[in-house]
Amino acid sequence: MEQGLSGWRTAMYAELAAPLGQVLGDRTAKEFATLRIETVGDLLRFIPRRYLSGTELTDLGTLVEGEHVAVIAKVARISRFEGRNSPGRRETRPGRLEVLLSDGNGRLTATFFGKAHLLGWWERQLGEGVAGVFIGKVGSFRDQLQMSHPVFAMLDAGGRIVATSEEKERIAALATGGLVGMYPATAKLPTWKVAECARLALSALSAVEDPLPDWLRESAGVLRLADAFAAVHHPLSLAEAARGADRLRFDEALATQLTMAYRRADAASHTAKPRSALPDGLLTAFDARLPFQLTEGQTEVSAAILDDLALARPMQRLLQGEVGSGKTVVALRAMLAVVDAGGQAALLAPTEVLAHQHFQTIKALLGDLGGGRMLGTPDVATDVVLLTGSLPAGTKRSALLRAASGEAGIVIGTHALLADRVQFADLGLIVVDEQHRFGVEQRAVLADKASSRPHVLVLTATPIPRSVAMTIFGDLDVSTLAELPAGRADVSTVVVDAASRPAWVDRAWGRVREEVATGRQVFVVCPRIGGRGDGGEGKGVVELAEELRSGPLADVRLGVLHGQLPSDTKDQVMADFAAGDLDVLVATTVIEVGVDVPNASMMVVWDADRFGISQLHQLRGRIGRGGHPGVCLLISSVPAGEPARDRLDAVASTRDGFLLAELDLEQRREGDVLGASQAGSRSSLRLLRVLEHADLIAQARELAATCVARDPGMTTPGFADAVRATELLASGDWLERN
Ligand code: ADP
Ligand code: MG
């Protein structure tokens, strides 16, 4: 292996992985770090938002306050305001130049402050009726958009930049023989500086060999990588720039799909024990006692899963379905089939509260079928154990023993199940609830616990558009439960405007009292545990609960639940609420996933604008489960018209989780969906938009399958590097939300 590639197998990947400081120096690198551009590759893949040919006019109608932009506009009018002499002072106060810019679509005022001689100089530079490039931050003054002290360069009649001042020379230099790339800029990194740095990085790039083999590049119809970098950073035409961007985008799609394809191939190369339910076994006994009929969807998905389990290769399946769509029953049927076949099933929940709740739900559904093989229990019965970090030592020891001996057919727990000490006699199936909180690596760790590979079923209540599912869960087959079981009641959602209608908030608490009076239960959800303590609007769950207790909800039995409570307190509160011993539960989002209290029919979300669309939808899924019509009140002080308020209105307008998921995605962009931007690390999807580029993703997926077929051992250096890069990005938090 070559020296100096630090684990990379192609020179190109090694160079792209180099820290930016090596090429630009540490000071400049630090400035780029604020844009999360840390390596040479990051910078080269950071491409201009648009290009100026010098002849086109920017649409001034689309400017947004706070943005750094470059616009091309004509100077429509220059108004000069001389500084006045203040009495008793010799010096003249600075005057100001107001330059009205126009492009036919909108107007913008550029303002310059200075002494008379400066004003005169600017005035001569600008010239009424002349077009120029203006670069700066869009601010506002008296409700009008304006830029103060933009950097500018005027254009001659042919659209060329007239070079005079230093900046103008810089801009002009960038434009030589082609287009000027306009990068998303910051105050410290104006667009021309980004351009200079990109140019420097590009010229320092010595690797010429493309990491992708010729056949692949040709099938995809994309430029060579080095050419693509040159094309995006200084193209001669817009078409060339677009071709460059196509290659970079293709690389992103391919890297993900290659990783998934190799994972799928790897999973398929392992054998699993086929597990089939017995004709007169546990599954049959369970079906016979099920108090309801499976929906068509449940029956279909269940059949597909049971078919998978009967194969000698490990199932890798994602089951997605709205909250309350009945995934748990489907998963349980799969577990019972495995137990029938002599194996064990593990169910992993994201939190202890949920693990506990799954345990109780499953115990209840199974009745004496889950009571272990004891005198008096049906002889097909199995043992269900709970294994979490906070169990008393004795209980834990016994649970561990029963898992290891195989006595426990079903083991339910949290990450504690991943601990080394947990052994299974014959682990046949792993069910992971709420995939987005578990990384791929964690799944892999658990899979390693079995001698042959266990089958894996992943449950998620977060509806995922198909293209996203392909990108994120490309190594899984996807099943969807589309319908809700019959008897699921309507939930009406209303946004309560706390700022303009404070009386409505009182009315909301009145509504809570009415709901409780009819014997129903209510969730009150609050984004934070503690208040902000600065007298601002932010109220914490503790504070809100106190206020309700001593005020509008003094007469109801009220409990508080949040993540910082000791775990036995949490369990107790949850159990009390589930048992109906509490009327109102004031809680943080710990109740977001899976909590199932059919008698809860109302939810009040405090500071609802603090939540994202999907999260609100998820929360709302906690009510309307028991056949009682539900009411969800979203309390917020954000005025109508703001994006945060639009989100609330969207949630109020529909219960279609897929629709909301797409809206969410559009609003937050994919980086957030993957969790990367929140975690502050780099997103692997910079150019790729999973909704917009669904076709490209599908193409990459097909080509990736061809790659794996031609090179099953991943001997192509470029493939190995692409997969490694993807996994490096993914390690940690790629798939994790929160
Ligand atoms: P999910 O896990 O998808 O959120 P659950 O499996 O917890 O949904 O189901 C929600 C509720 O609906 C549970 O109380 C469950 O017992 C019930 N349920 C599941 N399937 C059906 C069905 N086919 N008919 C009626 N009720 C059902
Ligand atoms: Mg569930």
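When a ligand or atom number is given, it counts from 1 through the structure's own listing order. The shown structure was predicted, so the numbers you read here are calculated from the model rather than taken from an experiment.
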(Q) I'd like to know if Asp555 pairs up with Arg513 as an ion pair, taking the criterion as any Lys NZ or Arg NE/NH1/NH2 lying under 4.0 Å from an Asp or Glu carboxylate oxygen. (A)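 Between Arg513 and Asp555 there is no salt bridge, as every charged N stays at least 4.0 Å from the carboxylate O atoms.
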Q. Charged N to carboxylate O below 4.0 Å: is that the case for Asp368 and Arg289?
A.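 Yes, Asp368 and Arg289 are salt-bridged.
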Q | Residues which pass salt bridge (Lys or Arg N to Asp or Glu O under 4.0 Å) with Asp571, listed by chain and number, not counting sequence neighbours | A | none
(Q) Quick check: closest heavy atoms across Leu481 and Val330, and the distance to 0.1 Å? (A) CD1-CG2, 4.3 Å
**Q.** Residue part near ligand 1, for Leu294, under 4.0 Å between non-hydrogen atoms
**A.**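 For Leu294, the contact with ligand 1 is made by the backbone alone.
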Q) What part of Gln298 sits under 4.0 Å from ligand 1 if we count only heavy atoms: the side chain, the backbone, both or neither? A)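 For Gln298, only side-chain atoms sit under 4.0 Å from ligand 1.
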**Q.** For Thr295, the ligand 1 atoms whose distance to one of its heavy atoms is below 4.0 Å
**A.** 23 (N)
**Q.** Atoms of ligand 1 close to Gln293 [distance to a heavy atom under 4.0 angstrom, numbered from 1]
**A.**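 Reading through ligand 1 atom by atom, the close ones are 22 (C), 23 (N), 24 (N).
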Q) Can you check whether Phe292 has an N/O within less than 3.5 Å of an N/O in ligand 1? A) no
Q. Could you give the distance from NZ (Lys570) to CD (Gln564), rounded to the nearest 0.5 Å?
A. 9.5 Å
Q | Ser325 touching ligand 1 at heavy-atom level, < 4.0 angstrom | A |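 Right, Ser325 reaches ligand 1.
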